[in-house]
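Notes for the one structure printed next.
The figures here come from the full heavy-atom set of this structure, side chains too, leaving out hydrogens, waters and symmetry mates.
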Amino acid sequence: MKPKGASVVSVLLTVPLIVSLAGPAGAASSTAAASTAICASSSHPALARRISRGVEAARRGRVSFVAVEVDDPGAGVVCRLDSRSHFDSASVVKVIILGALLRKAQAEHRLLTRTERALAWAMITRSDNGAASALWAETGRTWLQHFLNLAEMTETVLGPGAAWGLTRITAADETRLLWLLLEANRVLDTSSRDYMLALMADVIGSQRWGVPAGAPRSLVVHVKNGWLPLAPYGWRINSIGGFTGHGSRYSIVVLTQDNPSMAYGVRTVEAIAQVVNRDLSPGATARVPASVISPLQETPDEPAP
């Protein structure tokens with residue numbers, strides 16, 4: 001869906017489950033969605049049916065509540081599964097924070113300062129929470145909301161106060177965000193888009209799980225993930241990514257909750273991503289393998305707000 005018109009690793013606190021008051025809006029639609037084709041394409045209907053069947057097979061038997069949106073203009077395929085249901089963002093909101101900061105800098109006719117660039121690098125490539133908190137505060141809610149308005153991300157609700165990780169997002173809005181980076185638009189100029197994509201392509205290896213799974217190694221994957229346990233809906237495991245190179249350009253968003261562990265959620269996301277990446281690039285001979293999440297990684301992506 002296209003829009004209309006970091007090397008310091010933060011010390012993550014081991015915290016008890018925190019409570020998110022908002023429930024999984026739209027969760028009841030999962031059963032109904034199973035009887036409706038997830039993917040559609042007027043030009044490649046057989047491909048759309050194949051991906052739909054694969055995504056359903058990947059979800060079968062999983063307890064995770066999942067939202068998916070895929071957009072490949074080149075193949076003419078769009079997939080949507082509960083894509084307007086709301087999820088707590090965890091660290092995928094860091095892409096919004098950077099987008100808003102860059103839009104603000106554009107309006108002020110300036111480049112990012114050296115400090116801002118250092119914080120942005122840490123926030124995206126290392127998922128540094130201190131950097132995210134600093135840029136969230138510096139950018140300010142007015143500019144954060146202004147960016148969402150310009151991007152037509154009308155379903156996204158900023159987290160309360162300093163709790164950026166409790167921003168409520170949908171797969172549909174995250175797809176809009178990715179396409180602000182993947183194609184020219186009036187919200188972000190070319191240098192801003194290229195900068196964001198470069199940082200997302202430089203995320204450290206231990207944080208490159210999720211939607212990159214199954215992608216051809218010939219493509220560049222621009223990814224940002226978020227992982228956080230929140231009562232009463234378990235681990236939030238979210239992954240968004242844009243894929244570019246060799247004439248390809250597509251996006252995958254998978255948001256999940258109700259996961260009993262981080263590793264479980266990552267497996268759910270990657271099972272779906274492997275289907276999509278395989279079918280969108282059937283001729284690839286070398287692919288990104290599935291991830292192995294160690295118990296040491298089962299740490300919240302951010303401290304409780």
Side-chain angles (χ1 to χ4, degrees), residues 3-6 10 12-13 15 18-23 25 84-124 126-181 185-189 192-193 195-196 199-200 224-228 230 236 238 240 253 255 300-305:
K4 303 174 187 176
S10 60
L12 302 176
L13 304 180
V15 297
I18 60 178
V19 176
S20 173
L21 298 179
R84 301 189 68 177
S85 293
H86 281 86
F87 294 75
D88 295 305
S89 66
S91 279
V92 297
V93 74
K94 292 170 181 174
V95 181
I96 292 176
I97 297 173
L98 181 53
L101 174 66
L102 287 166
R103 176 64 193 189
K104 181 180 181 181
Q106 286 176 206
E108 295 171 348
H109 305 289
R110 68 175 180 85
L111 301 175
L112 296 187
T113 66
R114 180 178 299 180
T115 297
E116 287 171 335
R117 292 180 70 88
L119 290 170
W121 177 84
M123 176 176 71
I124 299 298
R126 267 61 178 165
S127 205
D128 187 278
N129 295 320
S133 294
L135 292 179
W136 174 272
E138 177 186 333
T139 304
R141 297 186 72 85
T142 298
W143 270 103
L144 287 161
Q145 187 60 54
H146 182 56
F147 174 74
L148 294 177
N149 294 344
L150 291 174
E152 300 187 4
M153 296 171 64
T154 59
E155 297 168 348
T156 299
V157 182
L158 294 173
W164 41 262
L166 295 185
T167 294
R168 301 286 284 168
I169 60 173
T170 67
D173 267 8
E174 291 300 296
T175 300
R176 292 185 180 94
L177 176 61
L178 287 170
W179 282 95
L180 283 180
L181 311 185
N185 58 85
R186 296 182 179 181
V187 181
L188 294 171
D189 61 25
S192 293
R193 293 169 45 236
Y195 178 61
M196 293 181 70
L199 290 182
M200 293 171 70
K224 188 69 193 81
N225 295 327
W227 58 105
L228 183 68
L230 296 172
R236 273 66 166 160
N238 303 324
I240 68 171
V253 174
L255 310 178
D301 188 25
E302 61 193 82

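L98 is listed as a side-chain neighbour of Y195, based on a closest heavy-atom distance under 4.5 Å. Counting heavy atoms from C-beta outward, N185 and R193 have side chains that approach closer than 4.5 Å.
Between Q106 and V187, the closest heavy-atom pair is NE2-O, 3.3 Å. What you find for S89 and W164 is that their closest heavy atoms are OG-O, 3.5 Å. L144 and A100 get closest at one heavy-atom pair: CD2-CB, 3.7 Å. Across all non-hydrogen atoms, the minimal contact from L166 to P160 is CB-CD, 4.1 Å. Heavy-atom minimum distance, L112 versus A105: CD2-CB, 3.9 Å.
A salt bridge links E116 to R110: one of the charged nitrogens lies within less than 4.0 Å of a carboxylate oxygen. A salt bridge is defined here as a Lys NZ or Arg NE, NH1 or NH2 lying under 4.0 Å from an Asp or Glu carboxylate O, and R84 with E155 meets this definition.
Annotation: the span from D173 atom CG to T175 atom OG1 amounts to 8.5 Å, rounded to 0.5 Å. Atoms CD and OG1, on E138 and T115 in that order, are 8.5 Å from each other to the nearest 0.5 Å. For the atom pair CD of E174 and CD1 of I96, the computed distance is 5.0 Å after rounding to the nearest 0.5 Å. Atoms OG1 and NE2, on T167 and H86 in that order, are 11.0 Å from each other to the nearest 0.5 Å. Atom CZ of R236 is separated from atom CH2 of W227 by 16.0 Å, given to the nearest 0.5 angstrom. Between L188 atom CG and F147 atom CZ the span is 5.0 Å, to the nearest 0.5 Å.
K94 contributes no side-chain N or O that, together with a main-chain N or O of A132, makes up a donor-acceptor pair within less than 3.5 Å. Using modelled atom types, no side-chain atom of S91 and backbone atom of G226 make a donor-acceptor pair closer than 3.5 Å. Under a 3.5 Å cut-off, the side chain of N238 and the backbone N or O of D88 do form a donor-acceptor pair. At least one donor-acceptor pair under 3.5 Å links the side chain of W136 to the backbone N or O of G161. Side-chain atoms of D128 come within 3.5 Å of backbone atoms of G130 as a donor-acceptor pair (strictly under, hydrogens ignored).
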Do L148 and L158 pass the side chain to side chain contact (heavy atoms under 4.5 Å, CB included) test, and can you show the C-alpha distance, the side-chain angles, and the key distance before you say yes or no? CA-CA 9 Å; L148 294 177; L158 294 173; 3.8 Å; yes
Please test M196 against L180 for side chain to side chain contact (heavy atoms under 4.5 Å, CB included), starting from the C-alpha separation and ending with a verdict. CA-CA 10 Å; M196 293 181 70; L180 283 180; over 6 Å; no
Going through the checks in order, is the side chain to side chain contact (heavy atoms under 4.5 Å, CB included) test met by V95 and L178? CA-CA 9 Å; V95 181; L178 287 170; 5.9 Å; no
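N225 is linked by a side chain to side chain donor-acceptor pair (under 3.5 Å) to S239, counting only residues two or more places apart in sequence or in another chain.
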